[in-house]
Amino acid sequence: METSLYLPVKAFLESAGYSVKGEIGGCDLVGITDDDAPVVVVCELKMTFNLELILQAVDRATMADEVWIAAKISAKGKGREADKRYRDLCRRLGIGMLGISDRGDVSVIVTSISPRPRTNPKRRSRLVREHRKRQGDPVLGGSTRVPVMTAYRQQALGCAAFLVQGPSRVRDVRANIPDAAKILQSNVYGWFERLDRGVYGLSDAGRDALIRWPQN
């Protein structure tokens, strides 16, 4: 599965000075620097190099400074990484290629370059904002068919954990969770119950959520 490639690539980019998190804005892996004007790198993962991987990378190019694709290296040396046409296409598009061995070693097949200006600053801003607001790195890049632990979900779980002790006023919850008012009022997941003006309690669905994600 693609998730098996995530940790080797994460370690590779962290060694280059990036803070790396998985499954942000639909991207398998996002790394940013800690600068005021951060450098953003996106990497998409697949078990083998194919056209779909390049198409994903082209889409991500509108919101990143560097775009990489990563896949396992064919044991017989007959994968796309050995195809000069595939490598040349990546070079022309400015997409970097990373190969991962069975032992988890990461090698640079094609270096990423950025020959074009960014064309979608809003997507880029959303990516950086989500990366910085998300606590820790709770999702392996390449995960599918599972709820993504976004920064919003993390804060909603924080509200639920606070309300376990009993109904509380919004201002009390907000002292611990900055976006508590918006989260409680919108109640996207159905975890909360409005008991009175400005007073909320925890629903059964909220208790189930805390059982499902006890680490939060």
Side-chain angles (χ1 to χ4, degrees), residues 1-45 60 63-66 68 70 121-192 200-203 205-216:
M1 295 179 64
E2 284 82 4
T3 51
S4 64
L5 309 180
Y6 176 68
L7 292 179
V9 177
K10 175 183 169 79
F12 174 82
L13 290 175
E14 285 180 337
S15 68
Y18 293 95
S19 171
V20 178
K21 297 181 183 181
E23 292 302 324
I24 293 182
C27 304
D28 287 341
L29 180 153
V30 176
I32 68 172
T33 59
D34 294 329
D35 308 316
D36 291 336
V39 176
V40 178
V41 59
V42 167
C43 184
E44 292 297 327
L45 311 173
R60 308 307 188 247
M63 53 182 166
D65 299 295
E66 293 184 18
W68 295 80
K122 289 184 178 179
R123 290 184 71 190
R124 173 188 168 86
S125 296
R126 285 197 297 267
L127 205 66
V128 173
R129 184 166 58 250
E130 174 64 22
H131 189 287
R132 287 179 166 173
K133 290 179 68 175
R134 191 177 298 184
Q135 298 298 309
D137 184 18
V139 188
L140 290 175
S143 299
T144 57
R145 300 178 184 177
V146 294
V148 174
M149 184 56 67
T150 61
Y152 185 91
R153 191 184 296 270
Q154 287 179 324
Q155 288 203 49
L157 286 167
C159 292
F162 189 92
L163 293 175
V164 163
Q165 59 190 337
S168 299
R169 294 186 177 278
V170 172
R171 64 171 178 262
D172 296 328
V173 184
R174 191 166 50 206
N176 295 277
I177 310 297
D179 296 332
K182 178 177 65 177
I183 292 170
L184 293 171
Q185 290 165 10
S186 59
N187 196 18
V188 171
Y189 304 123
W191 294 350
F192 314 110
Y200 287 83
L202 189 63
S203 69
R207 297 181 190 280
D208 290 342
L210 289 174
I211 293 173
R212 181 174 186 179
W213 290 290
Q215 73 275 17
N216 289 283

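- Annotation: salt bridge (charged side-chain N to carboxylate O under 4.0 Å, His left out) contacts involving residues 7-22, sequence neighbours excluded, comprise Lys10-Glu14, Lys10-Asp137.
- Counting only heavy atoms from C-beta outward, the side chains of His131 and Pro38 never approach each other to under 4.5 Å.
- Evaluation of the side chain to side chain contact (heavy atoms under 4.5 Å, CB included) rule for Ala11 yields no partner, not counting sequence neighbours.
- In this structure, Val41 and Val20 have side chains that are not in contact, with every pair of non-hydrogen atoms separated by 4.5 Å or more.
- Closest non-hydrogen pair, Gln154 versus Lys133, comes out as OE1-O, 4.3 Å.
- Put simply, the side chain of Ser203 gets close to the backbone of Gly190: a donor and an acceptor are under 3.5 Å apart.
- Note that SG of Cys27 is 7.0 Å distant from CZ of Arg123, once rounded to the nearest 0.5 Å.
- Applying the side chain to side chain donor-acceptor pair (under 3.5 Å) test to Asp35 and every residue at least two apart in sequence or in another chain returns Thr33.
- Within the 3.5 Å criterion, the main-chain N or O of Ala151 finds a donor-acceptor partner in the side chain of Glu130.
- Pairs of residues two or more places apart, or lying in two chains, never qualify as side chain to side chain donor-acceptor pair (under 3.5 Å) while including a residue from residues 157-170.
- Rounding to the nearest 0.5 Å places CD of Glu2 at 10.0 Å from CD of Glu44.
- The shortest distance between side-chain heavy atoms of Tyr152 and Ser186 falls below 4.5 Å.
- The backbone N or O of Leu29 lies less than 3.5 Å from no partner atom in the side chain of Glu23, so there is not a single donor-acceptor pair.
- Within the 4.5 Å cutoff, side-chain heavy atoms of Trp213 are placed close to those of Pro147.
- A distance-only check finds a donor-acceptor pair linking the side chain of Asp65 to the backbone of Val40 [under 3.5 Å].
- Under the 3.5 Å distance criterion, the side-chain polar atoms of Asp28 are left unmatched by any main-chain donor or acceptor of Gly141.
- The two atoms that bring Gly201 and Leu163 nearest to each other are O-CD1, 3.8 Å, heavy atoms only.
- Arg134 places a side-chain N or O within 3.5 Å of a backbone atom of Gly22 that can act as its donor or acceptor partner.
- Taking Trp68 as the reference, nothing meets the ring pair (Phe, Tyr, Trp, His ring centres under 6.0 Å) condition, with sequence neighbours excluded.
- At least one side-chain heavy atom of Asp172 sits less than 4.5 Å from a side-chain heavy atom of Phe162.
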Can you list, pair by pair, the side-chain donor-acceptor contacts under 3.5 Å of residues 176-184, counting residues two or more places apart and other chains?
{"from": "Asp179", "atom 1": "OD2", "to": "Gln155", "atom 2": "NE2", "distance (Å)": "3.2"}

- Kindly determine whether Leu7 and Leu140 satisfy side chain to side chain contact (heavy atoms under 4.5 Å, CB included), including the steps that lead there. CA-CA 8 Å; Leu7 292 179; Leu140 290 175; 4.2 Å; yes
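- Remark: side-chain polar atoms of Arg60 are not paired, donor with acceptor, to backbone N or O of Cys43 under 3.5 angstrom.
- Between Ala156 and Trp191 the shortest heavy-atom distance is CB-CZ3, 3.6 Å.
- To the nearest 0.5 Å, atom CZ of residue Arg171 and atom CZ of residue Arg174 are 9.0 Å apart.
- Taking both residues in full, the closest heavy atoms of Asp34 and Ser19 are given as OD1-CB, 4.5 Å, listed atom of the first, atom of the second, then distance.
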